[in-house]
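What follows is a set of notes on a single structure, which appears directly below.
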Amino acid sequence: MTLKQHLSESLRASLDRLDLAPEQKALVAAHPVRVEYPEARFGDYASPVAMELARILKKNPALIAEQVVAGLPGRETWAAVDIVKPGFINFRLSDAARTKWVRTILETPTWGDATPAKKERVLLEFVSANPTGPLHVGHGRWAAIGDTLARVLRAAGLEVETEFYVNDAGVQIAKLKETVAAIRTGKEIPEGGYHGDHMQVFKTELGDPVEYFLAGQKATLAKVGTAFDRYFRETSLHQSGAVDKTIAWLKEHGHTYEQEGALWFRTTPFGDDKDRVLIKGDGQKTYFAVDIAYHAEKVRRGYDRLINIFGADHHGYQGRLGAAVTVLSEGRSRLDIVIGQLVSLFRDGEPVRMSKRTGDIVTLDEVVEEIGSDAARYFLGSGRAATPLEFDLALALKQESDNPVYYVQYAHARLASVLRKAGEEGIPVAASFDFAAVRGPHSEELAIQLIRFPEEIEGMAASLEIHHLATWLSGLAAILHRHYGEHRYVDAADREKSGQYLALVVAVKQVIARALGLLGVSAPEKM
RNA sequence: GCGCCCGUAGCUCAACUGGAUAGAGCGUUGGCCUCCGGAGCCAAAGGUUAUGGGUUCAACUCCCGUCGGGCGCACCA
């Protein structure tokens, strides 16, 4: 259990002991106990619960806070519990508690991992780019976010499979093949075909264009450290008859109707804003019908939860797909859709249009080539998915050697260097860490930031917002750099104290490496 | 026209989903290596959180309006 949870439960226990009328007791019991992180000067944890209960209990928040503190169990964990102005309750960890938790971190190489209340099986689908060209920066954003989300969910104790849906059938693929045939025979590219320099390879490249692009996309994803558990092909749905079976199932269960020669799926009762066509008047199945069959397949596999990462250009799909999953799973599976806003490309402030048709496309490969995988992963994964990202190539290139990711990596390399130095001096890492030995400027912050790591993981798993990882990590790096400036870790004159510092160094280094790993960024020993 | 998302320091982004004096990186200005890595640290400048109302002990966060930007609104894929 995390420290935050411990505190939350202690507060709950204290609230239960308040002398209240039965109806008030019920209200208090229903009220969540929130614990948050205050500014360092106030302490390590804080709770606004007394202020929140002031209205319900019709009492002065400071008075409530006093009573809560009076009945609080587990006081030995806290060096100080203060009540401040409106009614905040602030908690400062005791040295003994810091010692205990840091020792736990040192004994736990997987520190950060959390244990879920329920071990859910999750299918996470992302990227799913059409195999009609190379991946662009937008795909890179979904890859960075999706891959990190998968790692974070696993750290949070969920069973996660990742999947890339390959649209290898349908009209666009037919257009692609026509285009390739034209290029190979030296004819003009047909109406609605694919233009652009990246198509010219088919003058000499003789393979199937779908396989060619898919292989290229996989190679690009590998460069940014993203591998999928499964590539699921649309054609397999057609071959297995899954599309027809799914439509038949919907018919049998009364979810469809015919109108004007088309077959409609009644999605509006399940949150969609209009019903959708499955089979068109000309007898052709819609793209949506195929997509439903795909999600029927996911449901059939029995996941507790489906998560899809969609670009904002597909957000209109949310309602109908959610309705489909509800119907197909008969309410048993839940579909979460993470909408990621698009990436706008700029070069020196000038917008760069991205289109596979015009060919003015900046590929993910090129960007990775320019700024490297680490910087790309960090940059694309550190912003909130819901916020549009403006990516300036010239800026990214300029910051090549002065990028936020290096700030964090440098912290790691610096600690590696400290440990090397200690090795040369023959100073051993203390076997039994004692926080009191390393007390001083920023030491408390450093310890607490490490202790919070699993709390961050839990928070991200709940919100599906992984950008917090980069924020928290750069916070840790900042504290470390400041701490480094104030303390001398390796001092041959005081081997005992140095050993204690080294234990802290090992803990910080371990946690930074783990967090960078979740981000898909390397943790260098030297830079 | 309707719907979803966004608007925070000069630039790129945070702010724990309603908490305390809105924070980082880049850029700018001025300091800091006889000493474990100066890819770092310290200090300064920079904000009426697009804008006008509302809700409350408390609003960047919630509600309504306005302005600006992105994306959707097919018997397309």
Side-chain angles (χ1 to χ4, degrees), chain A residues 4 34-39 41-42 46-48 51-52 54-55 60-61 84-88 90 130 167 170-173 175 259-264 273-274 276-284 286-288 290-291 311-319 339-342 344 349 379 382-384 386-392 395-396 398-399 401-407 409-411 413-422 424-425 427 452 455-456 459-460 463 465 467-468 470-472 474-475 477-478 480-482 484-492 498 501-502 505 526-527:
Chain A
K4 194 178 192 179
R34 287 195 297 132
V35 172
E36 45 197 41
Y37 306 136
E39 290 172 44
R41 67 198 169 97
F42 288 124
S47 180
M51 290 180 296
E52 291 168 355
R55 161 108 25 93
N60 184 328
V84 181
K85 276 189 273 176
F88 287 103
N90 296 329
N130 289 341
N167 271 288
V171 179
Q172 292 305 316
I173 297 304
K175 282 255 155 60
Q259 188 180 308
E260 293 168 22
L263 183 73
W264 293 71
D273 47 12
K274 58 176 289 194
R276 307 290 170 175
V277 171
L278 296 174
I279 301 177
K280 300 187 272 178
D282 63 4
Q284 292 279 338
T286 60
Y287 176 85
F288 180 51
V290 182
D291 227 20
D313 52 344
H314 287 101
H315 79 256
Y317 231 62
Q318 233 175 145
I339 297 294
Q341 291 298 316
L342 303 177
S344 318
F379 195 79
S382 61
R384 216 165 68 95
T387 303
L389 179 64
E390 301 206 343
F391 193 112
D392 194 305
L395 212 62
K398 211 173 101 190
Q399 289 179 186
S401 60
D402 215 353
N403 190 292
V405 69
Y406 296 115
Y407 185 78
Q409 289 183 314
Y410 182 60
R414 190 172 231 185
L415 296 178
S417 168
V418 166
L419 292 175
R420 279 194 300 270
K421 175 79 177 170
E424 288 163 16
E425 305 272 340
I427 300 172
R452 285 175 183 167
E455 299 167 8
E456 293 289 332
M460 289 186 287
S463 66
E465 296 195 324
H467 69 278
H468 291 120
T471 307
W472 168 84
S474 78
L480 183 275
H481 285 310
R482 283 198 288 271
Y484 177 90
E486 298 279 355
H487 300 259
R488 183 153 180 84
Y489 296 161
V490 179
D491 183 0
S498 294
Y501 274 121
L502 293 177
V505 165
K526 286 181 182 176
M527 290 177 72

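Naming convention: chains lettered A, B, ... in sequence-line order (proteins, then strands); numbering from 1 in each chain.
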Polar atom pairs between nucleotides 1-4 of chain B and protein, under 3.5 Å, N or O only, would you list them?
residue: B:G3; atom: N2; partner: A:H315; partner atom: NE2; Å: 2.7

Can you pull every protein N or O that's under 3.5 Å from an N or O on nucleotides 41-43 of chain B?
residue: B:C41; atom: OP1; partner: A:Y407; partner atom: OH; Å: 2.5

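- Shown here are the side-chain contact (heavy atoms from CB on, under 4.5 Å) partners of A:H314, two or more places apart in sequence or in another chain: A:F310.
- When the C1' atom is compared between B:G18 and B:G1, the two are found 34 Å apart, to the nearest whole Å.
- Contacts of A:E425 classified as salt bridge (Lys or Arg N to Asp or Glu O under 4.0 Å), with partners at least two apart in sequence or in another chain: A:K421.
- A:Y410 pairs by the side-chain contact (heavy atoms from CB on, under 4.5 Å) definition with A:R414, A:H481, A:M527, not counting sequence neighbours.
- Among the nucleotides B:U12, B:C35, B:G37, the one closest to any side-chain atom of A:R488 is B:C35.
- Looking at residues two or more places apart in sequence or on another chain, you find a ring pair (Phe, Tyr, Trp, His ring centres under 6.0 Å) between A:Y37 and A:Y45.
- Considering only the side chain of A:E260, B:C75 comes nearest among B:C13, B:C75, B:C5.
- Residue A:R276 contributes atom CZ, which lies 9 Å from atom C1' of B:A74 at whole-angstrom precision.
- For the OP1/OP2 pair of B:A14 and a distance below 4.0 Å, the side-chain nitrogens and oxygens of A:T471 include no atom meeting the criterion.
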Fill in the dot-bracket string of RNA chain B, one character per base: . for unpaired, | for a pair to another strand, ( ) or [ ] for pairs within the strand, taking Watson-Crick or G-U pairs under 3.5 Å.
(((((((..((((.....[...)))).(((((.......))))).....(((((..]....))))))))))))....

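- The side-chain ring of A:F88 is stacked on the base of B:A20, judged by centre separation under 5.5 angstrom and plane angle under 30 degrees.
- Take A:H467 and apply the ring pair (Phe, Tyr, Trp, His ring centres under 6.0 Å) test, not counting sequence neighbours, and it matches no residue.
- If you take atom C1' in B:A15 and the same atom in B:G25, they sit 15 Å apart, rounded to whole Å.
- Across all strands shown, A:A411 has no heavy atoms under 4.0 Å from either base or sugar-phosphate atoms.
- Set against B:C36, B:A14, B:A20, the side chain of A:H467 has B:A14 as its closest nucleotide.
- By the side chain to side chain donor-acceptor pair (under 3.5 Å) test, A:E36 is found to be paired with A:R34, residues two or more places apart in sequence or in another chain being considered.
- Separating the NZ atom of A:K526 from the P atom of B:C36 is a distance of 16 Å, rounded to the nearest angstrom.
- Among the atoms of the strands shown, none is found under 4.0 Å from any heavy atom of A:R452.
- Taking atom NZ of A:K421 as the reference point, atom P of B:G37 lies 7 Å away to the nearest angstrom.
- Residue-level contact check: A:N90 touches the bases, meaning some heavy atom is under 4.0 Å from a base atom.
- B:A77 atom C1' lies 8 Å from atom OH of A:Y317, rounded to whole Å.
- For the C1' atoms, the distance from B:A58 to B:A22 is 15 Å, rounded to whole Å.
- Between B:C71 and B:G37, the two P atoms lie 50 Å apart (nearest whole Å).
- Here A:L342 contributes atom CG and A:L389 contributes atom CG; the two are 10.0 Å apart, rounded to the nearest 0.5 Å.
- Atom P of nucleotide B:C57 and atom CZ of A:R55 are separated by 5 Å, given to the nearest angstrom.
- B:C11 sits 15 Å from B:U28 when the P atoms are compared, rounded to a whole Å.
- One can place CD of A:E390 at 12 Å from P of B:G7, the figure rounded to the nearest angstrom.
- For the C1' atoms, the distance linking B:U61 with B:A14 amounts to 13 Å, nearest Å.
- Of the residues near RNA chain B, A:T286 and A:S417, the one whose nearest nucleotide (by heavy atom distance) lies more toward the 5' end is A:S417.
- Within the nucleic acid shown, A:F42 comes within 4.0 Å of at least one base atom, counting heavy atoms only.
- By the side chain to side chain donor-acceptor pair (under 3.5 Å) test, A:Y484 is found to be paired with no residue, residues two or more places apart in sequence or in another chain being considered.
- Residue A:K274 is classed as a sugar-phosphate contact, given heavy-atom separations below 4.0 Å to backbone atoms only.
- Proximity note for A:W264 (side chain, C-beta onward) versus B:C75, B:G72, B:C36: the nearest is B:C75.
- The separation between A:F288 atom CZ and B:C73 atom P is 14 Å, rounded to whole Å.
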Scan nucleotides 16-18 of chain B against the protein and return all N/O pairs shorter than 3.5 Å with their distances rounded to 0.1 Å.
residue: B:C16; atom: N3; partner: A:Y37; partner atom: N; Å: 3.2
residue: B:C16; atom: N3; partner: A:Y37; partner atom: O; Å: 3.3
residue: B:C16; atom: N4; partner: A:Y37; partner atom: O; Å: 2.7
residue: B:U17; atom: O4; partner: A:E465; partner atom: OE1; Å: 3.1
residue: B:U17; atom: O4; partner: A:E465; partner atom: OE2; Å: 3.2

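- Among the atoms of the strands shown, base atoms are found under 4.0 Å from some heavy atom of A:Q259.
- Taking the P atoms as reference points, B:A74 lies 15 Å from B:G3, given to the whole Å.
- If A:I279 and A:L389 are placed on RNA chain B by their nearest nucleotide, the residue sitting closer to the 5' end is A:L389.
- Within the nucleic acid shown, A:F391 has no heavy atom closer than 4.0 Å to any nucleic acid atom.
- Following rounding to the nearest Å, A:F379 (CZ) and B:U12 (P) show an atom-to-atom distance of 9 Å.
- Residue contacts for A:A262: at a heavy-atom cut-off of 4.0 Å it reaches a base atom on one of the strands shown.
- OP1 or OP2 of B:A14 sits under 4.0 Å from a side-chain N or O of A:T387.
- A:A413 comes within 4.0 angstrom of a nucleotide base, judged by non-hydrogen atoms across all strands.
- For A:R452, there are no side chain to side chain donor-acceptor pair (under 3.5 Å) partners, not counting sequence neighbours.
- When heavy atoms are screened at a 4.0 angstrom cut-off, A:G459 is found touching no nucleic acid atom at all.
- With P as the reference atom, B:C6 and B:C13 are 14 Å apart, rounded to whole Å.
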